[in-house]
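What follows is a set of notes on a single structure, which appears directly below.
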Amino acid sequence: MHATTYRTHTCGDLRLSDAGKEVTLCGWVFRIRPFGGMTFVDLRDRYGITQLVFSPQIDAALARQAEQLGREDVLQITGQVVERSNKNPALTTGDIEVRVTQLRVLNTSRTPPFTLEDQTDGGEELRMKYRYLDLRRRPLQQNLLLRHQVARAVREFLDSQGFVEIETPHLIKSTPEGARDFVVPSRLNPGQFYALPQSPQTFKQLLMVSGFDRYYQIVRCFRDEDLRQDRQPEFTQIDCEMAFVSREDVLQMFEQMVRHVFRRIRHVELPEFPRMSYAEAIRTYGTDKPDLRFGMTLHYLKDEHANLLEEHHFPVLDQAEVVAGISVPGAASFTRKQLDELTDFVRRPQIGAGGLIHIRWLTDNTIKSSIDKYVPAETLLSYAAKFEAKPGDLILLIAGQASVTRRALSELRLELGRRLGLRAADQFMPVWIVDFPLLEFDEQQRRWAAMHHPFTSWHPDDDALLETEPAQVRANAYDLVLNGVEIGGGSIRIHNRTDQMRMFRRLGLSEQEAEQKFGFILNAFEYGAPPHGGIAFGFDRFCSMVIANQEGIRDFIAFPKNNMGRDVMLDAPSDIDPELKKELGL
RNA sequence: GGUCCGGUAGUUUAGUUGGUUAGAAUGCCGCCCUGUCACGGCGGAGGUCGGGGGUUCGAGUCCCCUCCGGACCGCCA
């Protein structure tokens, strides 16, 4: 199948049944084991590794030549497939070897700056600089090969459901709202700029207006914001939109798509996708992207609505807006050192809790707590009971401002889940988060901003609240969360001019601004726009979850940027020719 | 915009309170070795301790500035 004028087989092809054949292989020298006289070479390509034998008994001159080969030299060899006397069960080709009779060095290699083993000795920076070498390593090859399979499975499913892949432009118009745009100067229109799309959002809505009632695209998107382990300035979305659908239709369709991919790639049947409201997620997990692989949910002694605390004359508790915590099963035996570490963890500036109160409910039914000076044991015991705790459990409490406390507990829960091995790499727990708030108040800009995006429709029951109680309006939006990672999100869209204008007005855009920035879509809505909605998946994240159940995405992208948005291999971004700059009117 | 961690042979790293010639592993080079598969044995070369400035009799080590990398907060509709 992979035979060419250069080779008859790949390095992963040959089996015992091929013994006796004369074959020609091409590949890279992976490891070389010279003995006096005979030399073994592991020849590698993306299909596998085949052991070559050079021996004085076959060709003395060739055997001497083989001793001079270096790692990563590119070879073409011809020889006879023979059964091995010592088989290697670790290799799929381990039953055979090739006794080489002809050797041609197609190209030599300098010694690579790091080893190309599965566990490389290379540091991050070096591997990025020599990305093409890093990509020779098996783990990264596997990632990219599987990424290709994920994309295939996605297309296979969507094609089967009548979706049409349509390309949309990359040179578009900069719009307010959302992330910072990357811009491209226009030579033909000096002083003016295109923007690169943050997503094809408005185009896919226009395609709905055009009647392509099932659209998708695996498409590059660009956002000029700071990077993270799971965020790149250019990333790939599975962008989807459907006309004549309700939220239920969209959730059903894409639950099936995700199931299909997991079946194809992981041979895993996912559990049913439960639904959870945004409010419930925040209350019980402290986050809108809960990891449902384990429990340890949040319990409240005091919140915005109720106070179960007694008066303790202990300001930390008495003055807190929220007092909440989690019960850690079997952790009452944690040492002082472990508890101190957890305290430091929640007090880190990024998390910002004031401190951590612990209540250890020992197996002899006694209580040991950091606050037993202030709170009597029987009261602590009654508090512990509210956490569905039992003897042997550790209760960790945080008191303070509501949002900070919830976030700290959410992070603490994940950290403990990690330490206790509750976040299993082979377990997948999806959940749809629904009923997000439509709007959130941007304290810096002193205005309301769309939580999802400004084209999201709202719950009909909340229509009257848009102008009066914006914080109370529920969006017709949804996120798909898998093991604590947001892998997709979407909404049912606004599809008439009147409501879209109400939204823009709510966001503080004047009639003129709305017309100038979004006139094209407002106009389109006046020509028979159908009800529609959709979803977009972060394809890189989706792949990293499907393939490895991990959050980082760089190892699933062939040529990623570093955390300053630089391509260290190309050394981009860089200065441009002053002449070019002049032509562009910069 | 901010916080934290790191930068020492090609590579990954150790380096005590500031004190003799900066140590190891791996890779590389040479010699030996005919069944290894992380082959093995012996030997060798390889360092502007990221850069600059300062403190000191003396700085890899302490201080200041700076560059680079990583993680995170803000930000990411």
Side-chain angles (χ1 to χ4, degrees), chain A residues 30-43 49-58 60 63 67-68 70-71 82 84-91 93-94 97 99 110-130 133 175-181 198-199 201-202 221-233 235 344-345 347-352 404 407 411 436-440 442-445 448-456 475 477 479 486 489-491 503 507 536 538 551-552 554 562-566 568 571:
Chain A
F30 186 46
R31 295 198 192 101
I32 182 161
R33 292 180 291 278
F35 281 65
M38 89 189 308
T39 293
F40 298 97
V41 172
D42 289 341
L43 193 68
I49 291 171
T50 299
Q51 175 165 287
L52 312 179
V53 193
F54 295 84
S55 162
Q57 290 163 6
I58 308 167
E67 287 180 343
Q68 302 307 311
R71 283 161 53 207
V82 297
R84 288 204 203 182
S85 50
N86 295 330
K87 296 189 169 56
N88 183 351
L91 294 179
T93 61
E97 62 196 2
R99 291 166 64 86
R110 295 172 59 184
T111 303
F114 50 89
T115 64
L116 304 187
E117 307 283 335
D118 289 2
Q119 294 292 325
T120 182
D121 65 356
E124 192 84 10
E125 189 183 358
L126 203 60
R127 287 165 49 207
M128 288 296 264
K129 184 173 172 191
Y130 296 92
L133 292 182
T175 52
E177 299 295 316
R180 195 175 294 108
D181 283 321
Q198 296 175 27
S199 84
Q201 181 60 35
T202 50
C221 303
F222 306 87
R223 293 177 191 176
D224 188 7
E225 296 293 346
D226 286 4
L227 281 65
R228 290 287 188 279
Q229 211 176 11
D230 62 346
R231 273 168 30 193
Q232 286 273 305
F235 62 99
D344 290 344
F345 177 82
R347 292 185 62 168
R348 280 158 47 214
Q350 287 89 339
I351 294 186
V404 174
R407 195 160 74 95
E411 293 295 330
F436 281 83
L438 182 70
L439 300 153
E440 56 191 345
D442 184 330
E443 292 291 345
Q444 273 155 18
Q445 296 189 50
W448 290 93
M451 192 159 175
H452 185 54
H453 59 51
F455 310 103
T456 300
D479 274 359
E486 183 202 320
S491 62
M503 179 56 130
L507 298 176
E551 296 182 34
R554 283 182 203 172
N562 77 2
N563 68 350
M564 286 299 288
R566 297 199 67 86
V568 297
D571 194 27

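Every chain is numbered from 1 and lettered A, B, ... according to where its sequence line falls, protein lines coming before strand lines. Since the model is a prediction, treat every value here as computed from it, not as a measurement.
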Inter-residue atom distance A:Asp181.CG - A:Glu225.CD, 0.5 Å rounding: 9.5 Å
Donor-acceptor pair under 3.5 Å, A:Glu97 side chain vs B:G35 base: yes
Nearest-nucleotide 5' precedence on RNA chain B, A:Ile32 against A:Met451: A:Ile32
N or O in side chain of A:Arg228 less than 4.0 angstrom from B:C73 OP1/OP2: yes
Donor-acceptor contact below 3.5 Å, side chain A:Arg180 vs main chain A:Asp224: yes
Pairing partner of B:G23 (Watson-Crick or G-U wobble, both distances under 3.5 Å): B:U13
Any donor-acceptor N/O pair under 3.5 Å between B:C75 base and A:Arg231 side chain: yes
Phosphate contact (B:A71 OP1 or OP2) by A:Arg554 side-chain N/O below 4.0 Å: yes
Base of B:C73 paired with side chain of A:Gln350 (donor-acceptor, under 3.5 Å): no
Any A:Asn563 side-chain N or O less than 4.0 Å from OP1/OP2 of B:G69: no
A:Phe40 over B:U36, stacked by centroid distance under 5.5 Å, angle under 30°: yes
Side-chain donor/acceptor contact of A:Asp121 with base of B:G27 under 3.5 Å: no
Phosphate contact (B:C28 OP1 or OP2) by A:Arg110 side-chain N/O below 4.0 Å: no
A:Arg33 side-chain N/O to B:C39 phosphate OP1/OP2 under 4.0 Å: yes
RNA chain B: 5'-proximal contact among A:Ala449 and A:Arg71 (nearest heavy atom): A:Arg71
Any A:Asn562 side-chain nitrogen or oxygen under 4.0 Å from OP1 or OP2 of B:G69: yes
Presence of salt bridge, A:Arg33 and A:Glu67, under 4.0 angstrom: no
